[in-house]
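A short write-up of the structure that comes next.
First the proteins, then the strands, lettered A, B, ... as listed; each starts at 1. These numbers come from a predicted model, not from an experiment. Computation of the quantities below employed the complete heavy-atom set of this structure, encompassing side-chain atoms and omitting hydrogens, waters and symmetry-equivalent molecules.
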Number of protein chains: 2
Amino acid sequence: MAEKHELRDKGLRLTPQRELVLAAVRELEHATPEEVAEKVKLTHPGINLSTVYRNLETLENVGLVQHSHLGHGGVRYHASTEEIHAHLNCESCGTIIEVPIDATASFTQSLLDGYGFHTDLAHLAIAGRCESCFNMPEAPNKP
Amino acid sequence: MAEKHELRDKGLRLTPQRELVLAAVRELEHATPEEVAEKVKLTHPGINLSTVYRNLETLENVGLVQHSHLGHGGVRYHASTEEIHAHLNCESCGTIIEVPIDATASFTQSLLDGYGFHTDLAHLAIAGRCESCFNMPEAPNKP
DNA sequence: AAGCAACTGCAAATCTTTCGCAATTAGTGT
DNA sequence: ACACTAATTGCGAAAGATTTGCAGTTGCTT
Ligand SMILES: [Mn+2]
Ligand SMILES: [Mn+2]
Ligand SMILES: [Zn+2]
Ligand SMILES: [Zn+2]
């Protein structure tokens, strides 16, 4: 009954679809809307993709989920309850390394000092190559 | 005429469309394919958008231009001749602050030391808020 | 139980990027 | 200058991702 209040307290209705979307985002980390929809369909096959999109937007508006951009591809959602982290996204193999935001503090501070810029490292990923891909002559794949 | 050789050496042709696309990328900084097309149309109204896309890809393959992702929106292209820089993208007003890559060296080094990750800060922008937007109660706009 | 606004499913509309193909044309050699 | 050939272009259609209009359904309040 805990999440019942989470939604209602935000003035939202508690529909099965909405509950399931929130649960899916929490279980799948960094999931695309498509992936969320697949997950929800396991228990609620009739859900429509547009309902997933609308619920992701609604849940984001009330702060229960957040989106980030991990690379060339589309948006991904994660629960707000997760630790705030930056994403290192390997452009070769697609691996995502999570970096606690403290580890980036001195960098973001230097951007503030040097440019007056208040950095939000969680919103966009940091691109690059992971160790093993960097040591390879050719890129294994391009996700 | 330097790019003439760069193109021909790869077995590529120097067409008016291709020249104009390259020129447009060089003049417009951080331009979307759509913006490049608009610019080219000023002198070559008949150019097709798919031609612009194909030429941007071709020019990137030979290393004359590069793309980066600046925010929620689509891809943007800039000439390879520009200094390598990271982009600080204000999520409120859309302003882009360019940061020389040296200014980020200690951060990328720490990601290498801590995670074995070889960072490419030019490919994805860094999101956040510029000074003036940060000091505003409400976001002026969301580009 | 009734009423209403919020929500959902569905289909169609957008928007962005890609693709197939026939016609054109740049670069090469004659 | 002329011809040849493969690269390139324009065009329309296709594909993928996200949004929207609308009529019917349903959660929540009274
Ligand atoms: Mn990219
Ligand atoms: Mn975003
Ligand atoms: Zn990798
Ligand atoms: Zn700003």
(message) Just the rounded figure in Å: distance from C1' of C/dC15 to OH of A/Tyr53.
(response) 13 Å
Distances under 3.5 Å between protein N/O atoms and the N/O atoms of nucleotides 7-11 of chain D, please, pair by pair.
residue: D/dA7; atom: O4'; partner: B/Arg13; partner atom: NE; Å: 3.4
residue: D/dA7; atom: O4'; partner: B/Arg13; partner atom: NH2; Å: 3.4
residue: D/dA7; atom: N3; partner: B/Arg13; partner atom: NH1; Å: 2.9
residue: D/dT8; atom: OP1; partner: B/Arg13; partner atom: N; Å: 2.8
residue: D/dT8; atom: OP1; partner: B/Arg18; partner atom: NH1; Å: 2.4
residue: D/dT8; atom: OP1; partner: B/Arg18; partner atom: NH2; Å: 3.3
residue: D/dT9; atom: OP1; partner: B/Thr15; partner atom: OG1; Å: 2.7
residue: D/dT9; atom: OP1; partner: B/Asn55; partner atom: ND2; Å: 3.3
residue: D/dT9; atom: O3'; partner: B/Gln17; partner atom: NE2; Å: 2.9
residue: D/dG10; atom: OP1; partner: B/Gln17; partner atom: NE2; Å: 3.2
residue: D/dG10; atom: OP2; partner: B/Asn48; partner atom: N; Å: 3.2
residue: D/dG10; atom: OP2; partner: B/Thr51; partner atom: OG1; Å: 2.7
residue: D/dG10; atom: N7; partner: B/Arg54; partner atom: NH2; Å: 2.9
residue: D/dG10; atom: O6; partner: B/Arg54; partner atom: NH1; Å: 3.3
residue: D/dG10; atom: O6; partner: B/Arg54; partner atom: NH2; Å: 3.2
residue: D/dC11; atom: N4; partner: B/Ser50; partner atom: OG; Å: 3.3

Residues 94-106 of chain B side chain polar contacts: donor-acceptor under 3.5 Å, at least two apart:
residue: B/Glu98; atom: OE2; partner: B/His30; partner atom: NE2; Å: 3.3
residue: B/Thr104; atom: OG1; partner: B/Ile101; partner atom: O; Å: 2.7

(message) Tell me the bend of the helix from C/dA1-D/dT30 to C/dT30-D/dA1 as the angle between end helix axes, each from five pairs, rounded to the nearest 10 degrees.
(response) 30°
(request) Starting at atom CZ of B/Arg8, determine the distance to atom C1' of C/dT28, rounded to an integer number of angstrom. (result) 11 Å
(message) Rounding to an integer number of Å, can you tell me how far B/Asp9 CG sits from C/dT28 P?
(response) 10 Å
(message) Students often mix this up, so state it plainly: with edges at 30° and 60°, are the rings of B/Phe107 and A/Phe107 parallel, tilted or perpendicular?
(response) parallel
(message) I'd like to check B/Leu12 versus B/Thr58 (side-chain heavy atoms, cut-off strictly below 4.5 Å). Are they in contact?
(response) yes
(request) Among residues two or more places apart or on two chains, list those pairs meeting salt bridge (charged side-chain N to carboxylate O under 4.0 Å, His left out) that have a residue in residues 75-87 of chain A. (result) A/Glu35-A/Arg76
(request) Each residue besides B/Leu42 in its hydrophobic cluster should be listed here, by chain and number; the cluster joins Ile, Leu, Val, Met, Phe, Trp and Tyr at side-chain heavy-atom distances under 4.5 Å. (result) none
(request) Send over the distance from B/Leu56 CG to C/dT16 P, rounded to a whole Å. (result) 15 Å
(request) Starting from C1' on D/dT20, measure out to CD on A/Glu57 and report it in whole angstrom. (result) 12 Å
(message) Is the shortest side-chain heavy-atom distance between B/Asp113 and B/Gln109 below 4.5 Å?
(response) yes
(request) Give the ring-plane orientation class for A/His85 versus A/His78, where under 30° counts as parallel, over 60° as perpendicular and anything between as tilted. (result) tilted
(request) Could you tell me which residues satisfy salt bridge (charged side-chain N to carboxylate O under 4.0 Å, His left out) with A/Glu57, sequence neighbours excluded, listed by chain and number? (result) none
(request) Look up atom CG in B/Asn89 and atom OG1 in A/Thr119, then write down how far apart they are to the nearest 0.5 Å. (result) 11.5 Å
(request) Specify the separation, in whole Å, of atom NE2 of B/His67 and atom P of C/dT17. (result) 11 Å
(message) Tell me the interatomic distance from A/Lys10, atom NZ, to C/dC7, atom P, rounded to whole angstroms.
(response) 15 Å
(request) Rounded to the nearest angstrom, tell me the gap between atom CG in A/Leu59 and atom P in C/dC7. (result) 10 Å
